[in-house]
Amino acid sequence: MLLPDTAGVDLVRTLDSGQAFRWRWEPAGDVAAGVIGRRVVRLAVDTRGIRLLSPAGGGAGEPIRRYLGVVPRGGHPRRAEAALANDPVFSRVLPHTAGISILAQDPWEILISFIVSQNNNIPKITRSIERLARALGEPLAGGVFVFPRPERLAAARMHTLRTCSLGYRAPYVRAAARLVAGGRLDLAALARMECHAAREALLHVPGIGEKVADCVLLFGLGHHTAFPVDVCVRRAVEHLYFRGRPRRLRDIQAFARERFGPLAGYAQQHLFAYARARLRPPALPPA
DNA sequence: GGGCAGGTGTAAT
DNA sequence: ATTACACCTGCC
């Protein structure tokens with residue numbers, strides 16, 4: 001079944017854009033398998049949009065469309081791109097990045113995934129999250145596991161967490177799990193709050209700094225004004241808007257707020273993808 | 001094997 | 001107020 005409103009959404013770019021860590025591509029490269037809620041889902045690239053291969057029939061289409069960020073009230077990627085195209089700089093960016101959507105993922109899984117992401121890279125994050133799921137999550141069909149509930153992570157032995165290659169982040173993960181399991185960090189409430197207030201609350205969690213807080217806001221809590229600045233995004237902004245001159249973090253944040261407003265989250269996704277595709281790290285000085 | 005990349009917390013100025 | 005460094009893992 002072709003999912004409504006997915007025309008112009010690029011499944012590859014969306015799932016490989018560093019916002020989700022649990023999708024796997026089948027060898028042909030045009031079918032992805034992952035977990036949405038408690039369902040194992042398979043999605044296929046299609047010239048007309050995204051095709052839902054399984055579960056077939058039933059009422060899964062609606063929650064899956066919500067997850068994919070294409071229901072109108074979530075802000076649609078096509079609308080975001082149409083608006084961003086007014087920015088002359090984005091005429092250079094969009095040809096490499098068009099079709100990226102911002103997924104509406106489970107805030108709890110996002111919280112832990114991005115705590116793990118600090119000072120880390122995508123392959124290692126992916127490995128850690130997969131190991132957590134296998135070690136502590138409930139099995140679904142086909143060797144796929146749901147991401148473990150907060151109580152399971154809160155009660156896990158440190159040794160088990162270490163086994164998942166979390167390194168020094170293991171205590172952060174367990175502490176965050178205990179906050180959520182104990183009701184002292186209410187993610188649903190953060191989603192309803194104003195973005196700035198939710199950000200303040202996240203910054204009190206050990207292991208969460210500005211970058212991770214912004215990722216949780218954007219990918220898990222639906223706050224599309226958030227603009228996570230990692231090295232790629234910093235490079236892209238400096239290169240495209242400041243002639244390659246270094247800027248301070250807060251200047252980049254202020255620039256994004258002013259320039260992109262409610263589209264900041266989308267802008268960030270495009271700039272991140274652009275930097276990864278087109279910008280190399282600054283060359284080392286000659287030996 | 002040593003060097004490096006990647007955010008955050010902490011201790012230093 | 002900003003700045004320097006340690007933290008863990010995996011890849012080169």
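Each chain gets a letter, A, B and so on, in the order the sequences are listed, and its residues count up from 1.
Residue pairs satisfying the salt bridge (charged side-chain N to carboxylate O under 4.0 Å, His left out) criterion with at least one member in residues 196-217 of chain A, sequence neighbours excluded, are listed as follows: A/Arg199-A/Glu210, A/Arg199-A/Asp214. Applying the ring pair (Phe, Tyr, Trp, His ring centres under 6.0 Å) rule to pairs touching residues 198-219 of chain A yields A/Phe114-A/Phe219, sequence neighbours excluded. Applying the salt bridge (charged side-chain N to carboxylate O under 4.0 Å, His left out) test to pairs two or more places apart or on separate chains, those with a residue in residues 3-21 of chain A are A/Asp5-A/Arg65, A/Asp10-A/Arg13.
In the 5' to 3' direction, nucleotides of DNA chain C lying under 4.0 Å from heavy atoms of chain A begin and end at C/dT2 to C/dC11.
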Query raised in the report: Which letter, B, S or -, goes with each nucleotide of nucleotides 7-13 of chain B from 5' to 3', with contact meaning a protein heavy atom under 4.0 Å?
Result: BSS----
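Taking 4.5 Å as the limit, some side-chain heavy atom of A/Leu43 sits within range of a side-chain heavy atom of A/Leu68.
Under the rule for a salt bridge (charged side-chain N to carboxylate O under 4.0 Å, His left out), the partners of A/Glu238 that lie at least two apart in sequence or sit in another chain are A/Arg234. Applying the ring pair (Phe, Tyr, Trp, His ring centres under 6.0 Å) test to A/Phe272 and every residue at least two apart in sequence or in another chain returns nothing. Residues forming a ring pair (Phe, Tyr, Trp, His ring centres under 6.0 Å) with A/Phe90 (at least two apart in sequence, or on another chain): A/Phe260. Shown here are the salt bridge (charged side-chain N to carboxylate O under 4.0 Å, His left out) partners of A/Arg42, two or more places apart in sequence or in another chain: A/Glu26. Scanning for ring pair (Phe, Tyr, Trp, His ring centres under 6.0 Å) contacts around A/Phe242 gives A/Phe255, with sequence neighbours left out. Listed by chain and residue number, A/Glu130 satisfy the salt bridge (charged side-chain N to carboxylate O under 4.0 Å, His left out) test with A/Arg24 (two or more places apart in sequence, or in another chain).
At a threshold of 4.0 angstrom between heavy atoms, the contacts of A/Arg250 are confined to the sugar-phosphate backbone, with no base atom among them.
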Report task. Using a 3.5 Å limit on both pairing distances, list the dot-bracket string of DNA chain C from the 5' end; Watson-Crick and G-U wobble pairs count, crossing pairs take [ ], interstrand pairs take |. Result -> .|||||||||||
